[in-house]
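In the text below, chain A, chain B and the rest are named by the order of the sequence lines, each starting its count at 1. Values below: all heavy atoms of this structure, side chains included; hydrogens, waters and symmetry mates excluded.
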Amino acid sequence: MSSLLAHLNEAQLAAVTLPAEHALILAGAGSGKTRVLTTRLAWLISTGQVSPQGVLAVTFTNKAAREMNARLSAMLPISTRGMWIGTFHGLCNRMLRAHHRDAGLPQAFQILDAQDQLAAIKRLLKTLNVDDERFPPRNLQHFVNGAKEEGLRPGEVDAHDEYSRRCVELYRAYEEQCQREGVVDFAELLLRCHELLERNQLIREHYQRRFRHILVDEFQDTNRLQYRWLGLLAGGGAAVFAVGDDDQSIYAFRGANVGNMAAFEREYRVRSLIRLEQNYRSHGNILNCANTLILNNRSRLGKQLWTDAGDGEPVRVYEALDDRQEAQWLVEEVRGLVREGWARSDLAVLYRSNAQSRVIEHALFSAGLPYRVYGGLRFFERAEVKHALAYLRLLENPADDGAFLRVVNFPARGIGARSLEALQDAARAAGTSLFEATAAVPGAAATRLAAFARLIQDLRAQTARLPLPELVEQVVERSGLAAHYQAEKEGQERLENLRELVNAAAVFLTEEGIGLDLPAALGVSAATEPAQVFALTDGSGNEPLPADVLAAPALTPLAAFLSHASLEAGDNQAGEGVDAVQLMTIHAAKGLEFDAVFVTGLEEGLFPHENAVAGTPRGPGRVTDPGEAGLEEERRLMYVAITRARQRLYLSFAQARMLHGQTRYSMRSRFLDELPEAALKWLTPRMQHRAQPAWSEGYRGAWEGIDPRSRGRAGGAHAGARQTSGSAVRSRGVGADTGRLDEHERRASQRFDRGIPWRVGQGVAHARFGEGVIVAIEGDGEDARVQVDFGRSGTKWLALSVARLEPVG
DNA sequence: TCGGTTCAGAGTATT
DNA sequence: TCTGAACCGA
């Protein structure tokens with residue numbers, strides 16, 4: 001016990017040992033949040049206040065759930081197998097499998113990932129002959145998920161105009177299609193589980209009695225439905241221990257509702273609000289920047305990070321002429337750090353949007369510096385893996401039309417679009433699945449379709465008794481996928497992934513099956529006869545569930561593996577252990593930390609992103625992120641970026657940047673000017689005004705006047721960067737790139753000379769909008785546009801060939 | 001059925 | 001500028 005609580009600071013200790021009551025823990029970045037959560041769990045169990053079965057701990061990502069499991073089993077001599085620790089989706093999935101009859105689902109229902117869902121919607125629109133120009137599938141997907149996350153079924157959505165009424169109709173049709181095919185999308189997992197608990201008193205009260213303690217991680221990221229789901233489970237008097245940080249709320253755009261924190265405090269009458277403010281990650285100057293920046297946000301619960309680690313190094317700020325030079329400087333800086341003995345994997349380059357990585361990757365690649373980019377396709381999302389999974393899904397559930405269509409003609413079997421149309425007509429007429437309709441379709445296609453159906457049936461019959469990995473292997477072979485990729489000249493990697501899928505199945509059986517181990521989760525042993533199950537229940541001494549409520553706790557290994565594949569998309573890239581510079585978006589960096597961090601592209605329009613600031617309409621009739629709220633979320637994003645750094649932090653921006661094929665000139669980010677000057681060290685001269693006299697002689701003169709030593713060290717002067725660029729590129733033999741920077745510069749200044757007499761930061765007057773300041777310039781000649789901030793009249797893009805602007809001041 | 005061309009769109013993303 | 005999706009011709 002004493003060792004469990006040792007080394008906790010005062011606030012952490014207070015949080016861990018709170019009595020069984022609702023609590024809100026405001027856990028700042030780097031304040032030991034995970035530690036508090038897991039120690040709380042361990043403390044509750046080891047002091048006998050609750051049994052492992054009486055706890056529900058929920059996270060957003062599998063990674064976080066895994067970490068909690070691992071740390072808990074390291075602290076306590078218990079197996080976390082069967083404990084209710086998992087993601088919202090994972091736990092809902094488990095509950096729906098156990099009570100599938102009451103939830104109105106087949107026990108082996110399949111889970112659609114975002115990609116599958118979009119495909120299902122496209123297919124729906126096609127069958128209904130809906131104009132997908134007027135109803136873009138993506139918008140509909142957004143509409144459906146948005147409604148579900150608000151807990152709304154088609155009948156409950158407010159639809160005032162013709163358009164939204166049509167959307168609701170399509171939502172209804174989509175639901176019917178899913179139900180018919182026995183599939184469930186991500187949002188449906190939560191909504192269906194919520195409805196199960198809401199409508200079924202017996203089941204609800206059972207779980208309410210069972211879970212005495214509910215722990216929630218990243219509470220600021222919960223959406224409204226998740227909040228209500230927690231409310232149902234906690235309704236029987238459980239103590240809710242919510243951990244979160246409103247300053248790190250960066251997912252409003254995908255439905256997160258920070259307001260849940262304040263709502264929780266109010267509605268649950270939280271008496272214990274504990275702030276974890278001591279930071280164990282970063283040095284003082286870095287924290288000082290984070291604290292000062294976030295003071296500019298108005299809607300906060302309030303919190304100030306501190307450290308006893310000392311000020312450390314100043315935060316370095318660098319102004320580049322353009323994005324390429326920014327990248328070049330970064331490469332030089334990374335080289336310097338590596339020379340000094342920093343590990344590459346402890347260095348991170350962060351950016352606001354994925355598109356920014358290209359230039360940086362190019363520079364790193366040319367310099368021969370190993371790097372690793374986060375994001376992109378993950379293992380279970382790869383086309384070949386999805387193909388194999390579609391075959392497996394068909395074995396488990398022949399009604400899955402989506403899976404059917406994905407592989408009926410892959411590898412090619414001469415079943416073309418026309419045959420499929422005939423098949424779909426036949427299925428619709430008979431009211432059956434495509435699979436069933438294969439027997440009913442007339443004509444020449446019939447033989448081929450029948451052969452495909454036979455293939456699936458044979459596979460099902462002949463693999464039914466095989467262990468999971470062998471089953472997968474058989475399917476990969478006999479479906480023809482293996483042969484197909486064998487024959488393809490660039491199919492080797494895909495073949496490799498299919499072999500990896502067999503491996504993943506083997507690993508799943510031995511290690512990862514925990515999540516869907518219903519007998520263990522429900523507190524019964526797998527060997528128990530069904531009749532006995534209901535007497536045993538969950539081991540917590542609660543009243544048992546009646547026999548007709550609890551489903552037979554059996555799920556085939558294949559069905560379990562398929563849910564696993566949908567709920568956990570896997571790693572995005574190999575090379576985890578390699579010593580490489582880490583590249584990622586700021587969003588992806590949340591929760592991570594590095595010795596040194598580069599935050600790049602700190603320019604107005606990019607970061608804060610203009611869409612977030614301006615309140616751009618998104619989809620028909622929808623406006624999100626209006627003004628202030630959007631800006632505050634961007635600022636929290638900056639806060640997250642800053643607090644990733646342990647020892648050294650670099651902030652950089654560029655006067656000019658290639659964006660959508662055009663050069664764009666922007667002001668430096670307002671966030672830079674919200675940082676405390678005393679904590680900063682400018683590597684380039686700090687311009688007084690945020691305005692950047694892009695490419696002007698005066699500016700270049702000032703730049704070249706600074707200490708040559710710091711120029712060299714910083715990767716330097718423009719000329720220096722050019723040199724480095726040239727030699728590095730040449731030595732790698734990518735000669736075509738040599739001197740691009742010069743070319744770029746020449747063109748840029750030419751453009752500048754060719755008659756755009758405007759500078760970013762310059763005051764202008766417009767007949768209608770009044771006076772304003774140019775915040776960005778984009779494009780060339782006839783296409784040239786300027787973005788002007790007119791204050792109260794708003795920020796506008798104006799074509800220079802049209803708008804009449806007068807210089808002011 | 002594939003491969004080339006054309007065109008629009010371009011923000012962040014877990015399950 | 002670059003990408004992905006849709007479309008068309010052989």
Side-chain angles (χ1 to χ4, degrees), chain A residues 58-65 86-93 111-118 122 132-133 136-138 142 145 148-149 184-191 193 217-218 221-223 225-226 249-256 323-324 350-359 362 374-376 378 380-381 409-418 488 515 563-570 572 584-591 601 605-614 616 618 624-625 630 633-634 636-638 640-641 657-664 740 744 779:
Chain A
V58 61
T59 63
F60 274 87
T61 63
N62 293 297
K63 195 174 157 209
T87 62
F88 278 99
H89 294 85
L91 297 177
C92 287
N93 178 44
I111 300 166
L112 303 185
D113 65 19
Q115 201 184 325
D116 299 331
Q117 185 189 30
L118 187 64
K122 283 183 180 165
D132 59 5
E133 298 249 313
R138 287 209 171 275
H142 195 249
N145 290 337
K148 289 189 181 187
E149 279 162 18
V184 154
D185 60 46
F186 284 132
E188 183 73 23
L189 282 172
L190 284 157
L191 181 53
C193 187
D217 190 19
E218 305 277 14
D221 289 341
T222 51
N223 65 31
L225 183 57
Q226 286 158 342
S249 164
I250 55 173
Y251 285 115
F253 71 91
R254 68 171 198 215
D323 47 352
R324 307 183 111 246
L350 309 184
Y351 34 81
R352 180 57 184 50
S353 65
N354 286 306
Q356 288 166 253
S357 78
R358 188 163 300 134
V359 180
H362 180 84
Y374 283 60
R378 325 226 325 228
F380 286 112
E381 292 166 354
N409 197 37
F410 193 94
R413 307 188 166 85
I415 300 172
R418 241 176 299 126
E488 211 172 57
S563 333
H564 166 81
S566 307
L567 289 174
E568 179 150 19
N572 68 42
M584 66 193 85
T585 63
I586 300 167
H587 282 90
K590 189 174 162 225
L606 192 61
F607 192 19
H609 198 281
E610 58 187 339
N611 292 358
V613 175
T616 327
R618 263 197 223 160
T624 49
D625 297 343
E633 178 145 321
E634 294 288 297
R636 290 192 292 269
L637 197 55
M638 179 68 181
V640 168
R657 176 176 300 276
M658 264 323 215
L659 216 66
H660 308 331
Q662 291 185 317
T663 305
R664 177 188 166 118
R740 271 244 215 121
H744 174 64

Salt bridge check, A/Arg378 against A/Asp113: does any charged N sit closer than 4.0 Å to a carboxylate O?
no
Is any side-chain N of the basic residue among A/Arg352 and A/Glu634 closer than 4.0 Å to the acidic one's carboxylate O?
yes
Would you classify [X] as touching base, sugar-phosphate or nothing, given that sugar-phosphate means primed atoms plus P, OP1 and OP2, and contacts are heavy atoms under 4.0 Å?
X	result
A/Phe88	nothing
A/Asn354	sugar-phosphate
A/Arg358	sugar-phosphate
A/Asp221	nothing
A/Asn409	sugar-phosphate

Side chain [X], main chain [Y], donor-acceptor under 3.5 Å:
X	Y	value
A/Asp132	A/Pro136	no
A/His89	A/Leu189	no
A/Asp221	A/Ala256	no

Whole angstroms only, please: what is the [atom1]-[atom2] distance between [X] and [N]?
X	N	atom1	atom2	value
A/Met658	C/dT1	CE	C1'	7 Å
A/His660	B/dA10	NE2	P	8 Å
A/His609	B/dT12	NE2	P	7 Å
A/Asn62	B/dA13	CG	C1'	14 Å
A/Arg636	B/dT12	CZ	P	18 Å
A/Gln115	B/dA13	CD	P	16 Å
A/Ile250	B/dT12	CD1	P	13 Å
A/Gln356	B/dA10	CD	P	16 Å

Within the structure, does a side-chain N or O atom of A/Arg378 lie under 4.0 Å from either OP1 or OP2 of B/dT15?
yes
B/dA13 OP1/OP2 closer than 4.0 Å to side-chain N/O of A/Thr585
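Indeed, a polar side-chain atom of A/Thr585 lies that close.
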So does A/Glu634 reach the base of B/dG11 with its side chain, donor to acceptor, closer than 3.5 Å?
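When only heavy-atom distances are counted, A/Glu634 does reach the base of B/dG11 through a donor-acceptor pair under 3.5 Å.
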For A/Leu637 and A/Ala114, find the nucleotide of DNA chain B closest to each by heavy atoms; which residue's nucleotide sits nearer the 5' end?
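Residue closer to the 5' terminus by nearest nucleotide: A/Leu637.
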B/dT12 base stacked by A/Phe253 (centroids within less than 5.5 Å, tilt under 30°)
yes
